[in-house]
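Report on the following structure.
Note that the numbering runs from 1 along the sequence shown for the chain.
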Amino acid sequence: MARSHRSGASSPALSRRGVLQLGGSVALLLATGACAADSGNKPKDGASGGPAAKTLRIAVSSYLSSWDQDFVGFDLTALMLYKNVFPYLIDYGVTTASGSQILDTQNVTPTFAESFQPDAEQKVWTLKLRRGVKFASGNEMKAADVKWSKDRAFAAQANVAGVYRTIGLTSADQVKVVDDYTVEFHQAFPSALTRQIQAISLYVFDSVEAKKHATASDPWAKEWFAKNPPTGGYYNVTKANQGQEIELSANTDYPGPDPAKTPTIRISVVPAASNQRLQLQAGDVDIALGISQRDIQDLKKTPGIKVISAPSNRQVAIQMSVTAAPFNDVNIRKALAYAVPYEQIISNVYGGDARAAKSTVPLDMPGHDDNGYPYAHDIDKAKAAMAAAGRSSLDSELVFESDNEEQQKIAVQVQSEAAKAGIRLKLTPLDPATLGERRTKKNIPLQITSGQLWVDDIEYMLATSFVKGANLNYSNYSNPEIEQIYEKSHTTVDTAARNALWKRVQEILAADVPWVVICQPNFNLPVRESVAGWVQPMDGLARLRYLSASA
């Protein structure tokens, strides 16, 4: 649902809340599958040292729903491909942590752009394009393409228009062409989120080519873009057989750092996880992005295959509806928090391959506080919390995704331990459509959620999950002080001042406990031994340009 807005008419607060009402949930949080989680590979995991392979083969679980990035939501295959075939003018850099290469969300660098810098007030950001960058059509990328792309985004009122509101961009006329290679973004206010928001929004269409396919009834060539891959990214799409395979060729004209290492990437659609496993074992594919957790554990012992593993920011949690009985009582919420067998779940569901949660804020997010989640499995404390609520027992349902083996196992273990504290849970697996419908109605008392934020920032986390009207606030949670902090954070750009706000946020969430935060599972990706160069994508979307393999 889009909120109408006018240039300069919206206050910063209203603008930011607007993002939560839009259909642009693509930019908020990713439900996770294998390809949406994190990874990393250590230098020692490099290829065997033989000659480089010219082709890398990747299996995915589904074909993408559309090539039009402005209108796609939770399509993980599409979102991953977009990062590689659309020209993004800026992107995250790469750093090393604990021996793994990861995307550095604190270091956003120019790629197709030459520079992206703010003025002294951090309200006007100037984007300068590199000269001579061309789309596959031969058209040179110019400021007019950036302007057309952002005009299209504002007209669509979908993904980009939604997240732009968080940094004070609500109207197309705030994007101004200075000359053929310079564009200015005039924000309504300074924001610490600007670089990260633009890193996920500054992709560009070939506007000269697009205008050839626009019509009076379709002025933004929506129908054409849905069927025709974009060009000019790190890779160009050279073949796309609907439902079967996609072939990417490295863009040899890419002008920025870290060009594609492998000339050709062939992506095949293999819906069944078991078939992906067989193809990986047989050497028919080099990387499998849709293998189950159970198969991954088995593959760790398989000759010729290695499993890249690294900590991730994916959170698994139970959201409790704080506006409906019995979880509208904070003591009942605390009782469940004490009843959940955290370490048992980490051991039995993830084989120890997960980190215990210490805050509602993910472990590696800037501003995280280790004291933000003071709950551990303790049935005596759970019973005491129930007694404080004046209850000895209660009944509720625990909802989880019907096709999610991981969530099913968690639900069973939570059910068993919660019963010891008098919390009797009926397990309710729901298909995606029904789950989505009930989430929209916000009528689920308890539900298991799993996801990872695209923007590695607590202000963004509040915007998506912990303020009134937030799109992913399935708990219906609202706290007046957090609402005030959220408003204040919009124009707070000083790091120390922001961290002070975030510490208080975590104190409040620890006291209110709207979520049971179960753990942060590590990312695991099974690949052939010959594969090297994986960079952990902190936004969950693989950058294929770093990958290589020995022949």
Query raised in the report: Where the side chain of Asn241 meets the backbone of Gln244, is there a donor-acceptor pair that is under 3.5 Å apart?
Result: no
Requested in this report: Would you check, one step at a time, whether the test side-chain contact (heavy atoms from CB on, under 4.5 Å) holds for Ser450 with Arg314?
Outcome: CA-CA 7 Å; Ser450 174; Arg314 180 165 76 97; 2.6 Å; yes
Query raised in the report: Can you list the steps and then say if Tyr164 with Thr166 is a side-chain contact (heavy atoms from CB on, under 4.5 Å)?
Result: CA-CA 5 Å; Tyr164 267 177; Thr166 62; over 6 Å; no
**Report entry** Glu483 and Ser478: side chain donor to acceptor below 3.5 Å
**Finding:** yes
**Report entry** Shortest non-hydrogen contact between Pro219 and Ala214, atoms and distance
**Finding:** O-CB, 3.4 Å
Report task. Measure across Thr323 and Asn476 and return the closest heavy-atom pair with its distance rounded to 0.1 Å. Result -> OG1-ND2, 3.3 Å
Query raised in the report: So how far is it from Leu64 CG to Leu76 CG, rounded to the nearest 0.5 Å?
Result: 11.5 Å
Query raised in the report: Just checking, Lys150 and Tyr203: is the charged tip under 6.0 Å from the six-membered ring centre and within 45° of the axis?
Result: yes
Query - His377 and Glu417 side chains, donor-acceptor separation under 3.5 Å - result: yes
Query raised in the report: Hey, is NZ on Lys227 packed in by over 12 heavy atoms from elsewhere, all under 6.0 Å?
Result: no
Query raised in the report: From Lys420 NZ over to Ile379 CD1, what is the distance, rounded to the nearest 0.5 angstrom?
Result: 6.0 Å
Query - Closest non-hydrogen atom pair, Val535 against Ile102 - result: CG1-C, 3.7 Å
Requested in this report: Using a strict 4.0 Å threshold on nitrogen-to-oxygen distance, state whether Arg528 and Asp286 make a salt bridge.
Outcome: no
Requested in this report: Give, for atom CG of Leu547 and atom CD1 of Ile58, the distance between the pair rounded to the nearest 0.5 Å.
Outcome: 6.0 Å
Requested in this report: State, without any angle test, whether Gln447 and Arg439 hold a side-chain donor-acceptor pair at a distance under 3.5 Å.
Outcome: yes
**Report entry** Parallel, tilted or perpendicular: ring planes of Trp515 versus Phe466, cut at 30 and 60 degrees
**Finding:** tilted
Report task. Using distance alone, with no hydrogens and no angle criterion, decide if Tyr63 and Glu245 have a side-chain donor and acceptor under 3.5 Å apart. Result -> no
Query raised in the report: Between Asp218 and Thr215, do the side chains contain an N or O donor and an N or O acceptor separated by less than 3.5 Å?
Result: no
Query raised in the report: If you measure from the Lys or Arg side-chain nitrogens to the Asp or Glu carboxylate oxygens, is any gap between Asp329 and Arg391 under 4.0 Å?
Result: no
Query raised in the report: Do we see a donor-acceptor contact under 3.5 Å between the side chains of Tyr486 and Asn479?
Result: no
Report task. Could you please spell out the steps behind the ring pair (Phe, Tyr, Trp, His ring centres under 6.0 Å) verdict for Phe225 and Phe205? Result -> CA-CA 9 Å; Phe225 272 121; Phe205 294 97; 4.6 Å; yes
